[in-house]
Amino acid sequence: MIPWNNLPISLEDIEHIEIIRGPDTAVYASNALQAVINIQTASPYEYKGASMKLTRGMNDIQDGFLRYAGRLGNMDYMVSASRKSDGGYEDVYDSHHNDVLSFLGEVPLAEGDIQLQAGFAKGINQFDPPVPRLQGPPHEFPETNNYQTLRWNHLFNPNNELTATLSHNHFTYADKSYIN
């Protein structure tokens, strides 16, 4: 299960999304059997300075986004924070909100670069369980998602490069009434 509503990355930070199918998915780890959804974020040097976005709408929709990108020494960095929330449908206990904090740092080297990326997301969801799969009254449950990635890239020449990536991802879905 992928928690699409609680990804630890703000939609505004996504540059493009690739869908990769076939034998090339083996590069992405042993669990990438059928396909890979590769979400590419924008580079910090593309968004120098601060940006902000606020949205408000029906059903208590309140979304906010804040990003700052700059340079510290020879490292380009970008810090983003966002919140998405809505009140759900009328007469249904289904509101939610998600908070996201992410960091991206890139250090260029003579023949490549080092990239550090980390993100954290926490969502609170209200849920009215349908019978008979779930038991009990309407309730709230939190879900958290965080990741850290360290990537090193060495460019030998325009046709040959080597990339090494170390990643960690952790997801917690704390709905204790869910019957698997």
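Only a predicted model underlies this, so the values are computations on that prediction, with no experimental measurement involved. The figures that follow rest on heavy atoms only: side chains count, while hydrogens, waters and symmetry mates do not.
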**OP:** Find out whether I114 and L109 are in side-chain contact, i.e. whether some heavy atom of one side chain is under 4.5 Å from a heavy atom of the other.
**Re:** yes

Subject >> Backbone of I61 reached by a side-chain donor or acceptor of N59 within 3.5 Å >> reply: no

**OP:** Taking the side chain as every heavy atom from C-beta outward, state whether V100 and I9 have any pair of such atoms under 4.5 Å apart.
**Re:** no

Original post:
So, D60 and Q62: side-chain donor and acceptor under 3.5 Å apart, yes or no?
Top reply: no

Original post:
Should the ring pair H154 and F156 be called parallel, tilted or perpendicular, given that the plane angle runs from 0 to 90° and is split at 30 and 60?
Top reply: perpendicular

**OP:** Could you tell me which non-hydrogen atom of S102 sits nearest to which non-hydrogen atom of P8, and how far apart they are?
**Re:** CB-O, 4.1 Å

Residues 72-79 side chain polar contacts: donor-acceptor under 3.5 Å, at least two apart:
unit_1, atom_1, unit_2, atom_2, d
D76, OD1, K48, NZ, 2.8
D76, OD1, R71, NH1, 2.9
D76, OD2, R71, NH1, 3.1

Original post:
Say you draw a straight line from CD of E18 to CD1 of I39; how long is it, rounded to the nearest 0.5 Å?
Top reply: 11.0 Å

**OP:** With salt bridge (Lys or Arg N to Asp or Glu O under 4.0 Å) as the test, would you mind laying out the steps for K122 and E143 before giving the verdict?
**Re:** CA-CA 6 Å; K122 180 172 184 171; E143 58 182 340; over 6 Å; no

Subject >> Minimum-distance pair of heavy atoms, taken over all atoms of L104 and A42 >> reply: CD2-O, 3.2 Å

Original post:
How long is the gap from OG on S51 to CG on L66, to the nearest 0.5 Å?
Top reply: 7.0 Å

**OP:** Check whether any side-chain heavy atom of N38 lies under 4.5 Å from a side-chain heavy atom of I17, and answer yes or no.
**Re:** no

**OP:** Could you walk me through whether D99 and R83 pass salt bridge (Lys or Arg N to Asp or Glu O under 4.0 Å), step by step?
**Re:** CA-CA 5 Å; D99 299 316; R83 175 171 226 182; 2.9 Å; yes

Table please: side-chain donor-acceptor pairs of residues 160-168 below 3.5 Å, with sequence neighbours left out.
unit_1, atom_1, unit_2, atom_2, d
N160, ND2, N157, OD1, 3.3
E161, OE1, N153, ND2, 3.2
T163, OG1, N153, OD1, 2.9
T165, OG1, R151, NE, 3.4
S167, OG, T149, OG1, 3.4
H168, ND1, Q148, OE1, 2.8

**OP:** Say whether Y45 and Y68 are linked into one hydrophobic cluster, either directly or through other cluster members, by side-chain heavy-atom distances under 4.5 angstrom.
**Re:** no

Original post:
Mind checking whether F65 and S10 have side chains closer than 4.5 Å, heavy atoms only?
Top reply: yes

**OP:** Working to the nearest 0.5 Å, report the span between OG1 of T41 and CD of E12.
**Re:** 13.5 Å

**OP:** Report the residues that fulfil side-chain hydrogen bond (donor to acceptor under 3.5 Å, both in side chains) with N169, sequence neighbours left out, ordered by chain and then residue number.
**Re:** none

Subject >> By side-chain hydrogen bond (donor to acceptor under 3.5 Å, both in side chains) - contacts of S80 (at least two apart) >> reply: D13

Original post:
Can you list the residues that meet the ring-ring contact (aromatic ring centres under 6.0 Å, His included) rule with H170, with sequence neighbours excluded?
Top reply: none

Subject >> Which atom of A81 lies closest to which atom of L101, heavy atoms considered >> reply: CB-CD1, 4.2 Å

Original post:
Given side chains that start at C-beta, do those of D86 and H96 come closer than 4.5 Å, heavy atoms only?
Top reply: yes

Original post:
Does one side chain, of E106 or Q115, offer a donor that lies under 3.5 Å from an acceptor on the other?
Top reply: yes

**OP:** Could you tell me which residues satisfy side-chain hydrogen bond (donor to acceptor under 3.5 Å, both in side chains) with T144, sequence neighbours excluded, listed by chain and number?
**Re:** none

Original post:
Would you say Q117 and Y147 make side-chain contact, with heavy atoms under 4.5 Å?
Top reply: yes

